[in-house]
2 protein chains.
Amino acid sequence: MAVQNKTQFAILGILSIAPGTGYDIKRYCDTVISNVWHENFGHIYPVLSSLLKEGLVDLSEDQTIVRKKVYSISEKGLEKFMDWLVMPAEYQPVRSEFMLKFLFSSNLPDDHIIKMVEDYRNRHSAKLIEFLKVEESLKNIQTEISEKRVHFLNATVRYGILTSESAILWCDETLAIFKNINIIGSKV
Amino acid sequence: MAVQNKTQFAILGILSIAPGTGYDIKRYCDTVISNVWHENFGHIYPVLSSLLKEGLVDLSEDQTIVRKKVYSISEKGLEKFMDWLVMPAEYQPVRSEFMLKFLFSSNLPDDHIIKMVEDYRNRHSAKLIEFLKVEESLKNIQTEISEKRVHFLNATVRYGILTSESAILWCDETLAIFKNINIIGSKV
DNA sequence: CTAACCATGTAATCCGTTACATGATTAC
DNA sequence: GTAATCATGTAACGGATTACATGGTTAG
């Protein structure tokens, strides 16, 4: 049975940009596309093996350095990848643990709620700063990558920025309301 | 071994508001909290069983209607739930299939990219309209639920609204850029 | 009467995480 | 020399999805 997971497509996509090792793929996830995708080593290596078995990726021959397996996407792999790429993305059900907790917190003391929202805000605030730095660095890029790809990378970063900003906005809105309730409650 | 999943806490939380059946829990997920959480029947029923075995939920005695199991949270269950509730939410790694596809689409024709972003925009646009309706209905609520809980429900809906708006904003921004590239490209 | 909805469950599968294990290379 | 990083993998487990199976109740 062929693997049906998303990890394979993430791997094929990353290899479609440039050949690399499993370690490279992981690093790419942790840096360039960290705001849209995530992978573990424990999944990357087995999936790479099965992709190789299916002929969707190749192992590069010039193994100058031992212990390092440089994979590249095969023609067959590229075909399978493109087939997946042009299909509309499936709807993904939401699961926000933070919002789930928040929703059930009506019996917790106000200051606990305020603190939890503030913490959430700080997290997104830190993310936002990160993204803004990346955005800045993309502007000054000495383009080894094609100009077109920069547009896509930039749009991805913009996605991170807008998402963070929206989360921060929600926090501010919510804090304003709950602090207000707090004051009214303590005055009555 | 005790279950360690998130589903149990979602179930305990929902039962902490009101007793109900597995079916009720599913419906609650699909409506009230659909923009923050998601569950399947195939997971709800087994987890309910194991929660019962562990004494974290009770089966109501007045089984007027057969074939219907009304669960309620036990004192022990409430304790476990509260312990989880006050812990800060774990960081959740992002996995957006749409953004993953988008990121790798630099070799696809411009009109395909524009169409995929437009579709994404339409989806969020529809969601936004839904959320705005819910927001409106919360204003006119003949409050059987406590006034405080309404604030939490409202904040959750606001989260959905802001998230949708931010996604739509990203689409508009991206469409503007890519349509512009398109024009420049066709002129040169 | 029949379609939609209410209601509960099981089985198969698999997707992904976490922990464990190992060792080479590079930078300080 | 030692800490950090590069590099590859396996094993165990669990968490969640999907499909399957069954049947009662209600509304038109």
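Basis for what follows: all heavy atoms, side chains included, without hydrogens, waters or symmetry-related copies. Chain letters run A, B, ... following the sequence lines, proteins first, then strands; residues in each count from 1.
For the side-chain contact (heavy atoms from CB on, under 4.5 Å) test, no residue two or more places apart in sequence or in another chain qualifies with Glu130(B). Looking at residues two or more places apart in sequence or on another chain, you find no salt bridge (charged side-chain N to carboxylate O under 4.0 Å, His left out) involving Glu79(A). Residues satisfying the side-chain contact (heavy atoms from CB on, under 4.5 Å) test with Val32(A), not counting sequence neighbours, are Tyr28(A), Leu153(A).
For the pair His38(A) and Val94(B), the minimum side-chain heavy-atom distance is 4.5 Å or more.
Regarding Phe41(A), its CZ atom lies at a distance of 19 Å from the P atom of dA11(D), rounded to whole Å. Atom CH2 in Trp37(B) sits roughly 11 Å away from atom C1' in dA16(D) (whole-Å rounding). At whole-Å resolution of the value, NE2 in His38(A) and P in dC15(C) are 17 Å apart. A straight line from CG of Leu48(A) to P of dG16(C) spans 14 Å, rounded to a whole angstrom. Protein atom CD1 of Ile44(A) is 16 Å distant from nucleotide atom P of dC15(C), rounded to whole Å. Rounded to whole angstrom, the span from the CG atom of Asn40(A) across to the P atom of dC20(C) amounts to 15 Å. Put simply, OH on Tyr45(B) is 19 Å from C1' on dG15(D), counting in whole angstrom units. Atom NZ in Lys68(A) sits roughly 4 Å away from atom P in dA7(D) (whole-Å rounding).
When ring centroids are compared, Phe104(B) and Trp84(A) stay outside the 6.0 Å threshold.
Ion pair Arg95(B)/Glu39(A) flagged as a salt bridge, since at least one NZ, NE, NH1 or NH2 atom sits closer than 4.0 Å to an Asp/Glu carboxylate oxygen. A salt bridge between Lys148(B) and Asp110(A) is present, with a side-chain N of the basic residue lying under 4.0 Å from a carboxylate O of the acidic one. A salt bridge links Arg27(A) with Asp24(A); the closest basic N to acidic carboxylate O contact falls under 4.0 Å. Under a 4.0 Å N-O distance rule, the pair Glu136(A)/Lys139(A) qualifies as a salt bridge. With respect to Lys115(A) and Asp119(A), a salt bridge is recorded, a charged nitrogen being found less than 4.0 Å from a carboxylate O.
Non-hydrogen atoms lying under 4.0 Å from DNA chain C are contributed by Arg95(B), all within residues 89-101 of chain B. Residues from residues 19-36 of chain A lying near DNA chain D, meaning a heavy-atom separation below 4.0 Å, are Thr21(A), Gly22(A), Tyr23(A), Asp24(A), Arg27(A) in numerical order.
Checked against dT8(D), dA16(D), dG16(C), the side chain of Lys6(B) finds its nearest nucleotide in dA16(D). Each of dA16(D), dT18(C), dT10(C) was ranked by its minimum atom distance to the side chain of Asn5(B); first place goes to dA16(D). Distances from the side chain of Lys69(B) to the nucleotides dG16(C), dG9(C), dT8(D) place dG9(C) closest. Comparing dT10(C), dT10(D), dT17(D) by their closest approach to the side chain of Pro46(A) singles out dT10(D).
In this structure, Glu39(A) and Ser49(B) both approach DNA chain C, and ranking their closest nucleotides by distance from the 5' end singles out Ser49(B).
In the helix from dC1(C)-dG28(D) to dC28(C)-dG1(D), the rotation axis of the first five pairs and that of the last five pairs differ in direction by 40°, rounded to 10 degrees.
Phe102(B) and Trp170(B) have perpendicular rings, their planes meeting at more than 60° on a 0 to 90° scale where under 30° would count as parallel.
Under 4.0 angstrom from either OP1 or OP2 of dG16(C) there lies at least one side-chain N or O belonging to Thr7(A). Considering only side-chain N and O atoms, His43(B) lies nowhere under 4.0 angstrom from the phosphate OP1 or OP2 of dG9(C).
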Test Leu15(B) against Leu51(B) for side-chain contact (heavy atoms from CB on, under 4.5 Å), laying out the working first. CA-CA 12 Å; Leu15(B) 293 180; Leu51(B) 287 174; 5.9 Å; no

